[in-house]
Every structure is written in structure tokens, then in C-alpha cells.
Amino acid sequence: MINKVVFGAEEAVRDIGDNAVLMLGGFGLCGIPENCIHALLKKGIKGLTCISNNAGVDDFGIGLLLKTRQVKKMISSYVGENAEFERQLLSGELEVELIPQGTLAERIRAGGAGIPAFFTPAGVGTEVATGKEVREFHGKKYLLEAWLRADFSIVKAWKGDTTGNLVYRGTARNFNPMMATAGKITIAEVEELVPVGELDPNYIHTPGIYVQRIFQGKNYEKRIEQRTLSK
Amino acid sequence: MINKVVFGAEEAVRDIGDNAVLMLGGFGLCGIPENCIHALLKKGIKGLTCISNNAGVDDFGIGLLLKTRQVKKMISSYVGENAEFERQLLSGELEVELIPQGTLAERIRAGGAGIPAFFTPAGVGTEVATGKEVREFHGKKYLLEAWLRADFSIVKAWKGDTTGNLVYRGTARNFNPMMATAGKITIAEVEELVPVGELDPNYIHTPGIYVQRIFQGKNYEKRIEQRTLSK
Amino acid sequence: MLDKTGIAKRIAKEVKDGMYINLGIGIPTLVANYIPTSLNVVLQSENGLLGIGPFPTEQEVDPDLINAGKQTITMMPGSALFSSAESFAMIRGGHVDLTILGAMEVSENGDIANWKVPGKMVKGMGGAMDLVASAKHIIVAMQHCSKEGASKLLRQCTLPITGIRCVKKIVSDLAVLDVLPEGGFKLLERAPGVTVTEIQQATAGKLIIEGEIPEMVF
Amino acid sequence: MLDKTGIAKRIAKEVKDGMYINLGIGIPTLVANYIPTSLNVVLQSENGLLGIGPFPTEQEVDPDLINAGKQTITMMPGSALFSSAESFAMIRGGHVDLTILGAMEVSENGDIANWKVPGKMVKGMGGAMDLVASAKHIIVAMQHCSKEGASKLLRQCTLPITGIRCVKKIVSDLAVLDVLPEGGFKLLERAPGVTVTEIQQATAGKLIIEGEIPEMVF
């Protein structure tokens, strides 16, 4: 098997330069590539386009890169909980493209799967439809949406083996599997890196063919946004 | 959880009538719903349209339904190994629509995923493109292909629980997961039916939402087409 | 007049055995508390889970297990986890039986506006546009009027819309109404203590009243 | 002149460390036997496996584990199993580095015909159209001429084609040739004992010969 292991986050992101288009996995703060985000922060590259369902919070996740003004554009479905984000958006420092969540997920899958465009009903009749082809199938209207691809996809998995096979855990899976398929280079950080042969081939979520670099991350904080307990 | 268990194959196929459009899982004879095929044979319904990657062999799989002339039309990617099939095709008794394998898989996925059409490069410039819209994206030509849906999808899994969650084994997975999503009614036969809670939620291949009926099959023959051994 | 709990309780009565349901953030999330335990239903979370369970105890809290509102949750036995692409394949493919969500405005032909208010910070539509464009059955939980008393059940939405011709039923603080395929809000039930006249005054869109309108029974 | 094994051996030399490879049925399958064990490569089977291993022993035979040719196989450590949709997502998305397949005809602009002969029973294209339309790099294993001596490297294909402008390299029983983007078969190597003149006579399409053409080295 092909060995994809790199030493750590800094080596993994070594060739990500200014103005790169990145995909970053996660939903809210769940399943985000914490180690790589910190490495990008340290690296200080600017002008990034970040495709990610959310934009983190003020002091965690992609929010950290916003604070340092490293992000030029966010492509997301929901960017709710971030005051610095709001400030930059209103001042015009930050561009934002909002995409319905299912369309975002499917456009990323399409990018990885070599499907340049597909029809979806989400957004018909709304401002999302502006400038897009509308076509009726079986009496219902649909929009034509294009694939999304990235220079680098950065995903976070629970376990991974040295050849890049990945397994996610719980709802930390979310956008990670599709993003893993849609990057020219896909970087995976995992909580536990295991030898080849240890993951059951029948239960692999992301086959290693999609992953170019993998490393075992450290000091995962896994911050919770809404700690909600039963009474 | 919602209980989807039916008594057996005969009950599972009880309301499949003449001229129904069926999807049947499997690749060659690997991962085919043997019990349901036998129940359809016994039921004797006619005029079936069968969407299945292959058409079985003369005396096994869908080949059995061909022998009894229950099939009006096959929609497949490869129908190689079947003399009776060839006879019916040449005599005009059987209609055949051949679709590139990846397009077939993706059209079925699209049917389940509510995507009425998508662009794919397979078949551009060939007779498969006849009558289809061709469009160029990023300098490459693609065909517009439509979703496929069925009245009944019949799939075979390794394990399943009473609410319809399914796990496949090895390469017997093949077309089964997409087909499970694309039937108005999806019937799953499994080698082992387990109580709810026994399958790890993290490793389910087909979530139960797609399955309307499930039962534990019996007497699986699992015939091998090309028994090839290392020397 | 119903409070939020009342709206949630009334919507819970619409739930039928065997349903797969997606609950939006806010009042819709409360509905889960009032679904009779005799019914077998499965709650979908669009971030990738079928089978949402109760909120966790302190010991059960797991940062890898959240719902679409980013709240910590648990899983029911028989749950299944999947990616966001698979989740919206489910939604778009019409496999979810019932979608319950909030709205700022609904028009008499079933258009819904619930994602954007001009002049205010736009947070994004999240999964709402996919849900409303795809759902077989949509029930909206909403206030009948704004704080200023303006009707939110309109002839046409004034806010940017989330989806067209999709809302099938509304449960507001004042009433239960069907949105008819040919257009119009058909009054089905009054909230306790609310008169038909009050509902008429609070509804700017076309209101259809046929026969005696019963008071809700819980 | 090369036999089937020779063609397979020569193609194996095109394989580079770290490649993901899809091998078609026939000669391409044989290539696996000649890839140096020092190279780390992964073989994809389009019915849903990355990491094809050797054929099984009698004890290892598993009816749930077959390749795209329906032969029983084993898995290498580090394998991954997936659905047909995922498999062709991989292929269509350009994640497979090298596709090796057979052909009945190739044209000088890279069109390939390998699925249908008019008048003969049509078995279907299987995954061939997806593979040729999607692959980053395609090597064709083929006989240079038919049994009757007619060239199969043509100006234009005469048989129904499988894909257009996709073949990059040909290894035949007589020669190794690149198919140039601007059209034409560029002769790279001669099979042992085969002369340039023989290759010229066997090639109906535009043949480009520059300088000395070496004999293949194994």
C-alpha cells in the first residue's frame, strides 16, 4: 500500500500559499481539522477562499483565521455565530457566498465525482436562483448547479491508516467525506493513526485513494457550541 | 424505531404486479436477492422491467425470470453470459437498454437523491449519446442523463436490523445501496436479521429510512461465476 | 392563544406512527417532547443522523454528537450516521415524511420566508431551502402576527423567500390552517379562547372559512 | 513479436510507484503479475474494491469477493470496499491514475472501439465507457492487426466507438506507440525482432517515426 504519512500539520500544509481555495470539513465546531487550522494560522498565508459549511466562532475554528484577516472569501450555508465575521462582512473586507446546505454538500460531492453540473430543487424561486438555468422535470422546477473543487481539502477523521483510509465518528462525519474527494490535494488529520490492515475494509468511510497526506493530530479540544443537557 | 419486518420473500413481493419496474441489486451473481427472485418466479407475474447491472446466467439469478418469459425489458450495463437472453433478444421477445455502468449507478443514485438529471462524460461521441443533450464544461464534453426510479427495489444485504438498517459484505455491496434509495418500495433480504441496536450506527451502509420491508432470507446458494484460484 | 409550548403540542398531534421527521430549530425542536411514546417515529438531523435521542446527561455528553442546532444530543437504538451529502440525498429524494419548521412569513400560495431580513445581518439559509423545496409534507410553526401586530400570513411574502408553494399546514398561536393547492389559508381550528373574527383580523392573505370552526383539543 | 504475456510485461513497465490502477479484463488483468513488488500500487476493481490481492486458495474462496470479471479474488491489507456509485465517482472524478484496457480498434486521434461488433451479439459496454471518458491516462493493450492481417490502428475507427480522443499509449504485439494530442501514432519502441517496415505496413493510421526506434527492453 502507498504510504501517505506526513510528520504533522505544518508539513501537511507546507505548500498552501496565498489565495488558495480550501475546503475545510466540519459542521459548526464538530469534526473540524483543528491542527491544520492552527498550522494555517501560524503560516500566516492570506487571501484564502474557504469552503466550509460554517465559519467557526470568534475564537475557534475558522473564526481564528478570520480574526487574522487571512480569509478573503467564505463559501458557506450558515455563518451565524461570529461577531468578527459580521464586522468584516459589513465593512466589505470579507466576501461571502451563501449556498443552501444540501446544494453545498452535493456540489462538493459532484466535484469529487466528476459531475460538472446537476439539477436540484433547492432555491427555485428565491434569490439563490439568480442567473441560474431553471428547468422543469416531471412537473417540478429545478436549478442547474455546478461542481465545487478546491486546491486543498482539509478533513478531520477519527481513525485513519497510513494509506489514507478514513473512518469518522458520530456526526463529526458531516462534510468531511465529500470534501476529501474534491481537493486536488486532500489532507487528513486523524485522532488515531493506525497501521495498514487495522481498519476493516468493509467499514471505511473514505477510501485512501482520495487522500494524499495524513497525520495524527494532537491536543484536540473538540469545543462544544451548545452544551445542552437533559433535565 | 419503526418495525419493517415481513414474514418472508412471498410476503415481501406480495403486491408486485404485472408490468412493474424493478431494480434488483447485485453484480454478476454476487449480492443478488436470491430469495425474492425465487418468489417472483413462483408468483409468475409478467411484463417486468428489470433494472440490474447484469442479467444472471441461464439457470440462476435473473436468468430464471428470463427463462419463464417474465421479463419484458432489461436495463443493464453488461448482459454477457446468458444463451436464453441472447435467443429472446434476437427474436425480439426481449427489449434491452444498455447503459454505461457508471452512468447506471449514478442515475440510480440520482433517483434516490432527488436529482432529476446530471452531466457525465461517459458515452460522449458514441451511440449512447444519441438524442441526449451535450454540453461543454471546462473544455470537456458531457451528456445530460436522467434519474432512474423503480416501483420496487429489491436488494440483498449481509446483516440488517428490524428497522431496515443494512450492512453489506465485500463486493456484494455493488449496486445494492443506490437501488435501496431509488424504489417507491424497497425490499431488503438479509442473511442475518438482528434486533435494533445491534448494528453500530457508525457503520451502517443503508440507513433504514430507505427500506420499507425486510426479512431474513434462507438457503443462500451464492453461486460463483468464475472460480479462479491462485496456483 | 397558544404559547410556544402550545404550538409544539398541537403540531405533535399531526405526527403519525412510522414517520421520519425533520425538526427545525426553535419551536419545531420542542415538538419532540410531545410526540406520544406509543408512536414509533424517527427524527432526522440534517447534519447526519437518523434517530435523535434525548439531550445527554453530563456523563453522556459527546462533542462528536450534535444536532443541526449544534446542541449536544444522544442517539436512539437503531440510529444511523451518515454524511451531509447522504443526509440531503434523503431529504431531496423525498424520503423524509414530515418537515416541521419556523417561518417569518407564509403566503396564501404556500411560499415561505424564513431566512433573511433586509438590513439585518444575513446568517445564511442553512438547510432550509433544501428542506422546503424537497419535503413531501411541511408544517410551519409560527406567530400569526409580528410584535407590532402585522399579519405574517400574507397574500405575498414581503421578505426574501426560502421556497415557493411548499407549505401545507400552519400551526400559529391563533389557529391551525391548511394552505390550499389552489391558494388560500383554510381555517381548521381556533386556539383556545380565540374567535374567528380575531383570526380574520390577523390574516392578511385570503382566509377560507367553511362551517363551524372548532377550538383545538389537546 | 510479443505474445499476450509479453504485452502485459511491457505494460507493467509503465507502472509507477504510488499509482492507483484499473485493469480491464483480458491482457490487462495479466499486467498485475509483472508489476515489480518494489512498487507500491493499488488495483481498483470497478465493482467496488481498492486493493485487489492475488486469486484465493481453495480455502480462501469467498463468493462475496469478486473482481469486475466475476473472478474470485482476495484483498490486500489496507483495502477499502464501496458501492458501484462510489466506484465510478472515483473513476469519473479522475482519482484513478492509470487505466489499462483492451481494444478492437484505436484511431490516430485516440478514439477507441472495444465494446460492440455489428452483427454479433451485443453484451454491453459495462464500465468501459466511463473508464475511457474519465481516465487521466489510458494505455491500451491490443493486437496490432486482425487475424486476417488488417490493421487495427486506423485513421478512423470502423466499429462503434467506446470513447473519443482518450487513448494515450498503445502496447501492441508489434510496438509501443504514443497517441499524440494533435493526432497520429508516434512509434516509440519495436517488439523484439520486429522491423520498422513491418510496423509501417501494419499501421493504417498516421504513423510518426522520428530517429532511431529502439527495440523494447524488458
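Being a predicted model, the structure only gives us computed values, none of them experimental. In what follows, chains are A, B, ... by sequence order, proteins preceding strands, each numbered from 1.
- A/Ile204 does not touch chain B: none of its heavy atoms, backbone or side chain, sits under 4.5 Å away.
- A donor-acceptor pair is defined here as one N or O able to donate and one able to accept, closer than 3.5 Å; no such pair exists between the side chain of B/Arg135 and the backbone of A/Ala117.
- With a 4.5 angstrom heavy-atom cutoff, B/Phe119 touches chain A via backbone and side-chain atoms both.
- At least one donor-acceptor pair under 3.5 Å links the side chain of A/His205 to the backbone N or O of B/Asn202.
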As a quick check of understanding, evaluate ring-ring contact (aromatic ring centres under 6.0 Å, His included) for A/Tyr203 and B/Tyr203, giving each step before the final call. CA-CA 6 Å; A/Tyr203 300 117; B/Tyr203 301 115; 5.3 Å; yes
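- Annotation for B/Lys132: atom NZ counts as buried by contact number, over 12 foreign heavy atoms lying within 6.0 Å.
- For B/Lys141, the NZ atom sits in a loose shell: 12 or fewer heavy atoms of surrounding residues, nucleotides or ligands are nearer than 6.0 Å.
- Of residues 181-200 of chain A, not one residue has a non-hydrogen atom less than 4.5 Å from any non-hydrogen atom of chain B.
- Counting heavy atoms of neighbouring residues, nucleotides and ligands inside a 6.0 Å radius, atom NZ of B/Lys218 does not exceed 12 of them.
- Contacts with chain A were tallied for B/Trp158, B/Tyr168, B/Trp147; B/Trp147 has the most, counting heavy-atom pairs under 4.5 Å.
- For a heavy-atom cut-off of 4.5 Å, chain B lies close to A/Glu106, A/Arg109, A/Gly114 in residues 102-114 of chain A.
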